Amino acid sequence: MKNELDSGSKFYADVTAYFDQAAQFTNFPKGLLEQIRICNSIYKFNFPIETDDGIQVIYGIRVQHSHHKLPTKGGIRYSEFVNEDEVKALATLMSFKCAVVDVPFGGAKGGIRIKPADYNVKQLEKITRRYTSELIRKNMIGAGIDVPAPDYGSGPREMAWIADTYAAFRFDDINALGCVTGKPLGQGGIRGRTEATGLGLFYGLREVMRNAEDMKSIGLTAGIEGKKIIVQGLGNVGYFSSKFCMEGGGIIIGIAEREGGIFNDKGLDVEKVFKHRKDTGSILNYPGAKNISNSLELLETGCDILIPAALENQIHEGNAGRIKAKVVAEGANGPITKEAEEILNKKNILVIPDLYLNAGGVTVSYFEWLKNLSHVRFGRMEKRFEEMSSSRLVSAVENITGKKLESAQRNILIQGPEEKDLVYSGLEETMISAYHEVREIKNQNKKIEDLRTAAFVSGINKLGASYASLGLFP
Ligand code: NAD
């Protein structure tokens, strides 16, 4: 690929090609499929900010892919490579992703073309607030309109600035905090959002790998335990995916970052590696690990599971033939090109697609939005009530059996749910049931050969059904 613009065009071309491929397995008329496929609104803008070197013009964009359900939803990417096609691809994926996991939103995505590391915190705040006010001017943000979230290069801090800017302009909107998700706890955020995408990936991967027959067909035993894993990217998605996989018994043998990679066949402690990178500014020279200067080489190293969790188009025609993993679990959006996927499929490598596997973030964003709209923390109403009911039950059993539980045992049994418990439980249920829906679609139609096509079919069917209920399709 010549440059990042080409990379964005390739990404969008791949996403629409996946759509077309899956659309053949649905029954909707051509016109409706075109409506489902196309991006509904695109807003591009430029604004000035003052830096020490004078005035700089910043490019911003927001794409709303589908208005079949409102609000639309999708993160804001902060990267020097942001371009229209890339954001269109990401917005399109969001519509189908939300549909696959039954989150009642249309898809959207945004971007600010900057390299965050080139700006100080004050400048980043200025840029974020100005980007938000541009969206407010065009009525492209709000709890019932379009709700951004973090993506590559942005996080809770940026979301807090967005919420604060929106609330300042729309002070009479009682649901103002629901205009953005991924916020810090003190500003209407929800427990469990930060780790949601990685945790969702773990729940999804664990469910896919639970089935011994399915795993046998690709030469693996069931379960994550003992499996060797390589991860690309140690940002939000990569860090939490590897942390949860490690806690679930997986062995993280390699981590690739932009400055290079590290490898240790006996396993790396993800939290210690993260701290090492924070302290030294680099993943390299981690004690006991081998440095790998070209981090892309690490993706080609033998392992059971490869988790690309950095950027799109990382596995392409040029390196797909050398991938040795048995499972590729897409943490990032679009990390495999279409041509590469065909090569991986031929090699009997199981690809678990982004539009299912990294949907944990938007699922918990949905919970955060519900919390903001209901103005009450999950668990607040029922925690004590449930504890009282369980306590009565335990006391009744104690009276019947004549045996008393130790107070520590009793506390474990009667403990009511905290917000985080409910979020984790909702996320786990979502990832497990969505996978079985997708797997069922694949198993019911022998012509559907891969999980990505099945996931797209699931998404298209749900979007189509939604238009049908509006009377647009008999
Ligand atoms: P992030 O900014 O937190 O982390 C990205 C990491 O990738 C950084 O540590 C960066 O240094 C690293 N990286 C960049 N180029 C690299 C390269 N060439 N090789 C190896 N590492 C490289 O971003 P994130 O939020 O973790 O997002 C990562 C991907 O996951 C993106 O594709 C994003 O769209 C997708 N995603 C994110 C979320 C979310 O909730 N954050 C949800 C769904 C999908």
Side-chain angles (χ1 to χ4, degrees), residues 1 4 7 79-81 115-117 152-153 197-198 201-202 205 224 226-337 340-341 343-344 347 349 351-352 354 357-358:
M1 232 151 291
E4 301 302 330
S7 165
S79 152
E80 69 266 45
F81 302 124
K115 185 175 177 189
Y152 184 91
T197 308
L201 183 145
F202 167 70
L205 181 63
I224 292 182
K227 301 293 186 301
K228 293 190 171 179
I229 303 173
I230 292 178
V231 186
Q232 184 195 35
L234 199 61
N236 176 285
V237 180
Y239 168 71
F240 283 111
S241 301
S242 33
K243 175 180 175 308
F244 288 114
C245 285
M246 191 178 88
E247 288 169 6
I251 305 163
I252 310 295
I253 59 168
I255 302 178
E257 253 296 336
R258 45 172 112 220
E259 63 272 18
I262 53 171
F263 179 83
N264 183 342
D265 197 47
K266 299 211 164 36
L268 299 158
D269 184 318
V270 180
E271 291 189 47
K272 287 188 183 153
V273 174
F274 187 81
K275 186 172 178 306
H276 169 81
R277 187 168 191 245
K278 208 170 164 201
D279 293 345
T280 66
S282 168
I283 201 171
L284 299 172
N285 303 321
Y286 178 72
K290 186 176 141 197
N291 284 341
I292 299 192
S293 54
N294 177 359
S295 74
L296 270 177
E297 265 176 32
L298 202 48
L299 308 194
E300 300 166 14
T301 305
C303 64
D304 299 308
I305 305 163
L306 175 62
I307 306 178
L311 283 172
E312 55 262 24
N313 299 332
Q314 297 300 297
I315 302 175
H316 45 78
E317 246 178 323
N319 62 3
R322 297 192 295 274
I323 300 291
K324 298 182 189 72
K326 301 250 174 16
V327 176
V328 182
E330 291 190 327
N333 285 310
I336 305 175
T337 66
E341 175 139 4
I343 296 170
L344 299 183
K347 289 177 68 173
I349 295 172
V351 175
I352 315 176
D354 48 8
L357 200 62
N358 69 25

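Just so you know, these numbers come straight off a predicted model, no measurement behind them.
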Item checked: Residues Thr197, Phe240; criterion side-chain contact (heavy atoms from CB on, under 4.5 Å); working and verdict -> CA-CA 8 Å; Thr197 308; Phe240 283 111; over 6 Å; no
Note to self: Please evaluate residues Val231 and Ser241 with respect to the criterion side-chain contact (heavy atoms from CB on, under 4.5 Å), reporting the C-alpha separation (whole Å), side-chain torsions for both, the decisive distance (0.1 Å), and the verdict.
What the structure shows: CA-CA 9 Å; Val231 186; Ser241 301; 5.6 Å; no
How long is the straight-line distance from [atom2] of [Y] back to [atom1] of [X], given to the nearest 0.5 Å?
| X | Y | atom1 | atom2 | value |
| --- | --- | --- | --- | --- |
| Met246 | Phe202 | CE | CZ | 12.0 Å |
| Tyr152 | Leu311 | OH | CG | 4.5 Å |
| Lys326 | Ile305 | NZ | CD1 | 11.0 Å |
| Arg277 | Asn285 | CZ | CG | 13.5 Å |
| Leu306 | Ile323 | CG | CD1 | 5.5 Å |
| Leu298 | Ser293 | CG | OG | 11.0 Å |

Please answer whether the main-chain N or O of [Y] pairs with a side-chain N or O of [X] as donor and acceptor at a distance below 3.5 Å.
| X | Y | answer |
| --- | --- | --- |
| Asn319 | Gln314 | yes |
| Lys347 | Gly321 | yes |
| Asn291 | Leu284 | no |
| Ser295 | Glu257 | yes |
| Glu271 | Lys243 | no |
| Lys324 | Thr301 | no |

Next item on the list: Show your working on side-chain contact (heavy atoms from CB on, under 4.5 Å) between Ile230 and Ile253 and close with a plain yes or no.
Entry: CA-CA 6 Å; Ile230 292 178; Ile253 59 168; 3.7 Å; yes
Which heavy atom of [X] sits nearest a heavy atom of [Y], and at what distance?
| X | Y | result |
| --- | --- | --- |
| Ile336 | Ala340 | CG2-CB, 3.7 Å |
| Ala332 | Ala310 | CB-N, 3.6 Å |
| Ala329 | Leu205 | CB-CD1, 4.2 Å |
| Ser7 | Asn313 | OG-ND2, 2.9 Å |
| Ile224 | Cys245 | CG2-O, 4.1 Å |
| Ile251 | Lys266 | CG2-O, 3.8 Å |

Notebook entry, point to check: With Ile315, which of Val328, Ile349, Leu296 fulfils side chain to side chain contact (heavy atoms under 4.5 Å, CB included)?
Noted result: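 Single pass found, and it is Val328.
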Notebook entry, point to check: Name the one of Asn358, Ile352, Ile307, Asp354 that satisfies side chain to side chain contact (heavy atoms under 4.5 Å, CB included) with Leu201?
Noted result: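 Of the listed options, the one satisfying the test is Ile307.
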Note to self: Are the side chains of Leu234 and Val270 in contact, using a 4.5 Å heavy-atom criterion?
What the structure shows: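 Yes, at least one pair of side-chain atoms sits under 4.5 Å.
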Notebook entry, point to check: Hey, what's the ring geometry for His276 with Tyr286, parallel, tilted or perpendicular (30° and 60° as the breaks)?
Noted result: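 The rings of His276 and Tyr286 stand perpendicular, inter-plane angle above 60°.
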